[in-house]
Amino acid sequence: MPNGYNGKILRVDLSSGKMAEENPPEIVYRMYMGGSALSLYYLLRELKPGTDPLSPENKLIVMSSVWSGAPLPGLSRYTVAALSPLTGAFGESEAGGFWGPELKFAGYDGIILEGCSPQPVYLWIKDGKAEFKDASGLWGKDTGDVQKQIQEELEDKRIRVMQCGPAGERKVRYACLVNGLSHVNGRTGMGGVMGSKNLRAVAVRGTGKLPLADSEKVREITKTVAELTNQSGMAQYLKKFGTSYLVNPLNQGGGLPTRNFQVGQFEGAVAISGDTMTDSILAGRRSCYACPVHCKREVKVEGKYAASPEYGGPEYETLAALGSCCGIDDLKAIAHGNELCNRWGLDTISTGVSIAFAMECTERGLLTQKDTNGIDLKFGNADGMLDMIHKIAFRQGFGDVLADGVRRAAEKIGKNALKYAMHIKGQELPLHEPRGKKGVALGYATSPTGADHLEAPHDTAFLTSSPILLSANPAGILETVTAADLGPAKVRFFAHAQQIWSFFNSLGMCVFVAAPYSAFPLPMIVDALNAVTGWNASLSELMELGERGITMARIFNLREGLSSKDDTLPERFFEPLEAGTAREKRITREEFAKALQLYYGAMGWDPRTGVPTDGRLSFLGLDWLITQKAGYGGGGEDDQSL
Ligand code: SF4
C-alpha cells in the first residue's frame, strides 16, 4: 500500500460511458510524481499528434500528486492538461482551493477524460465510486448556480465542484475551469476542452484518509512552516494584500503593463492597487487547503458594479488585465469584471488582454464601433470592457472573434493588427512587462504553454542578498543578477529557477508557500515529501523531475509542429518603452538570440534548433521519447516503457 497517494487513476470514456481504474506502478509515481509531468506521461503516450483540440480525440487529464491532501502547507494544487485549443501546443494550468485534496480523499490520484458524451453530463465521484449524472438542467447556467444545484441534488454542501462555465460550453479558446467559484485553472483553455466533451463539471467528495509514512515528522514540519510563515515578510504581505500588493511597486518601477503594453506606468494605478482594495471593497480573506498564507481575497460591491464575496476578488493579474492594460481605473468595475469571468468561466488574463488589443486596434483606426457591435472600445471605457466580457463568454457578435484569442482575431481583422496582438505561441501575455524583467522575457518565450508568468521566480526577487536569494542557494542559485541582465548569469539563474517551479507543478506545491518566494525551505520540502511517501528522495532528484517535465513538454510541442521559431516575443518588446520610469528599456534581438542559444544548451538541447538531444533524454529516463521527437507519433497505449 503506497503512502501519500492512492495508486489509482480513473479513466473515463465519455463516448461509451465506460470507466476503468488503472494502477500505475510505484516507479511511475516516483519518476513523474503528479501534476504536469504525470499528465505529460499520459498525453505523450496516448494523444495522436495533430489531433483537433476541440474534438473527442483530445484527452483532458486531471492530475493531483503523490502527496497532495497530506496535512502540509501549500499542497492544494492540481493540474489540468490537454492539447490546448488556444495555442495548439501543450496546455496546462494549475489551481488551488480544496478540489485537488478532495479528489485524493475520494480515492483517486488523477482522472483521464476522453471522448465526448452524447448529452450534457457531469461526473460524480464519491469514495472510490464514479458515475455520470445528467447535466441538461445545468447547461448554460452560471457557475454559482451549477455548484449550488449539484450540492442540492446530491444533498451534501461539502461536495467540491470543478466546472467549465457557459464560456467552456461555447468552446471559448481561453475558457477556464473554476472550482469553489474562485479558484481557477485559468490558462490555455482547459474549460473549452471540458465543454467540447459535453462535460459540465466534476463533483468530488471523499472521506478517506491518506496513509503517511511518518505522521509525527509531518506534524513537526507543518508546525515549523507555520512559524516560518509568521516571520516571512513576503508571506505577511500576501496575507495582508494578496497578490494585489504588486500593483504599486510595479507601477513605480515602470513595469505595470498599461494600454496594451504600450507603456509601463498607469496614472490610475493607486486607484486599482492592493492598498485601495484593502481600504475599500475588501470583505474577507480566503485560503486554500491547509495553507497558512491566506492570500486569496473576497470583495463586496453593491450597485451598478455588484460583486459578491462568493466569487472571491481580483488578484494582481486581473487588476492589471482588466485595469491598467485596458486603461481602466475603476476598481469596482474591475471587481465586477472578475466576478463575470468566474461566473462564466473565462481566464481573466486572456480576456483582459484580448479586450486591450481590441481597444488599441480601435484607437489606431483598425476597428470601428460598427465592427464591435456599437461598443465604444476606447481605452478607459469600463462599461465597454464589461460588455465585451459578456459578448466573449457567449460568443456574440465581435465577442466571437475575440473568443478565439488575439492571434486568430488579428488574422481576421487583417491590416497590421498582428503588431498589436500581445501573445506568444497564441497565448495572451500575463501582466508583467518583460523589458524590465529579462528573465521573465526568457520565460515567456520558452514556456511550452505560451506566455506564462509562472515559469520561474521573477528577476526582481534576486536583486539583493535577501532571504529569497539565500533560500534558493540549495538549488544552485548563488549570485544576485540585475533585472536588466540577459547574459550567461541570468540564463543560469533562469534554468535553475525554472526547474524548481517545474517540479512544484508536478508536486502540486504553491509558489507562494514555498521557497524561494516564501517560507517553506527547499530542503524541508524534500524531508516532508519523504515523511509522506516513505521514499528517500533528494533535492537533486526533484530538480531532475523539474527538468524532465520541461523536456517532456518540449517534445510534446515538437510533435505538434512547433519549433525554436515559436520561442520569441511580440515585436513591441524589441522596441524601447516610450514613457515612464523604465523609459528606453528594451530587449535587443542580439542579446535575446544569444540567451536563447545558451538556454537551449543549458537544458541539453541542440543550441541551434532547441531539440533535446538523445543523450539528455536518456539521462532523464526519457529514452522512450527519442523516436517521438523525430515526428514519430508512436509510443502507444501498449508501450509500458518508462
Ligand atoms: S498562498 Fe494563496 S494560492 Fe497559495 S495555497 Fe495559500 S491561499 Fe492558496
Side-chain angles (χ1 to χ4, degrees), residues 34-36 64-65 67-80 93-104 160 162 176-187 221-222 225-246 274 277-278 282-299 309-319 338 342 347-349 430 452-454 457-458 461 468 471 500-501 503-522 524-525 528:
S36 180
S64 156
S65 87
W67 64 335
S68 38
L72 279 157
L75 292 187
S76 60
R77 299 181 80 74
Y78 64 96
T79 294
V80 181
S93 190
E94 279 73 34
F98 295 82
W99 193 92
E102 195 75 25
L103 177 70
K104 293 285 293 283
R160 309 286 180 186
M162 171 182 67
C176 68
L177 293 169
V178 184
N179 85 70
L181 305 188
S182 64
H183 303 279
V184 297
N185 301 87
R187 310 240 65 203
I221 291 174
T222 301
V225 176
E227 285 161 13
L228 291 171
T229 301
N230 283 336
Q231 296 156 22
S232 156
M234 174 69 111
Q236 293 313 308
Y237 244 91
L238 284 165
K239 186 174 281 189
K240 189 162 180 203
F241 297 108
T243 52
S244 66
Y245 85 89
L246 281 168
M277 187 159 77
T278 307
L282 189 71
R285 293 176 172 84
R286 228 183 246 189
S287 172
C288 301
Y289 170 79
C291 175
V293 176
H294 291 249
C295 80
K296 297 285 178 185
R297 310 289 91 181
E298 287 177 352
V299 297
E310 67 173 341
Y311 286 100
E315 301 191 8
Y316 164 74
E317 297 296 328
T318 308
L319 290 166
N338 178 67
N342 286 353
D347 171 32
T348 57
I349 298 176
D452 180 3
H453 60 297
L454 292 172
H458 292 193
I468 293 180
S471 70
I500 304 175
W501 281 27
F503 81 66
F504 283 176
N505 276 353
S506 295
L507 288 180
M509 168 60 75
C510 176
V511 300
F512 295 135
V513 173
Y517 267 178
S518 198
F520 201 164
L522 295 173
M524 206 181 285
I525 288 175

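As the structure lists them, so they are numbered: ligands from 1, and atoms in each ligand from 1. Sequential numbering from 1 along the given sequence is applied to the chain's residues. In what follows, every heavy atom counts, from backbone to side chain, and hydrogens, waters and symmetry copies are set aside.
- Checked by atom type, the side-chain pair R286/S182 shows a donor-acceptor distance below 3.5 Å.
- Excluding waters, the protein N/O/S atoms found under 2.8 Å from atom 4 (Fe) of ligand 1 are C510 SG.
- The backbone N or O of N185 lies less than 3.5 Å from no partner atom in the side chain of D347, so there is not a single donor-acceptor pair.
- Ion pair R187/E94 not flagged as a salt bridge, since none of the NZ, NE, NH1 or NH2 atoms sits closer than 4.0 Å to an Asp/Glu carboxylate oxygen.
- Using the six-membered ring where Trp is involved, Y517 and F512 have ring planes that are parallel, under 30° apart on the 30 and 60° scheme.
- A donor-acceptor contact shorter than 3.5 Å links the side chain of T243 to the backbone of Y316.
- Few gaps surround NZ on K239; more than 12 heavy atoms of other groups in view lie less than 6.0 Å from it.
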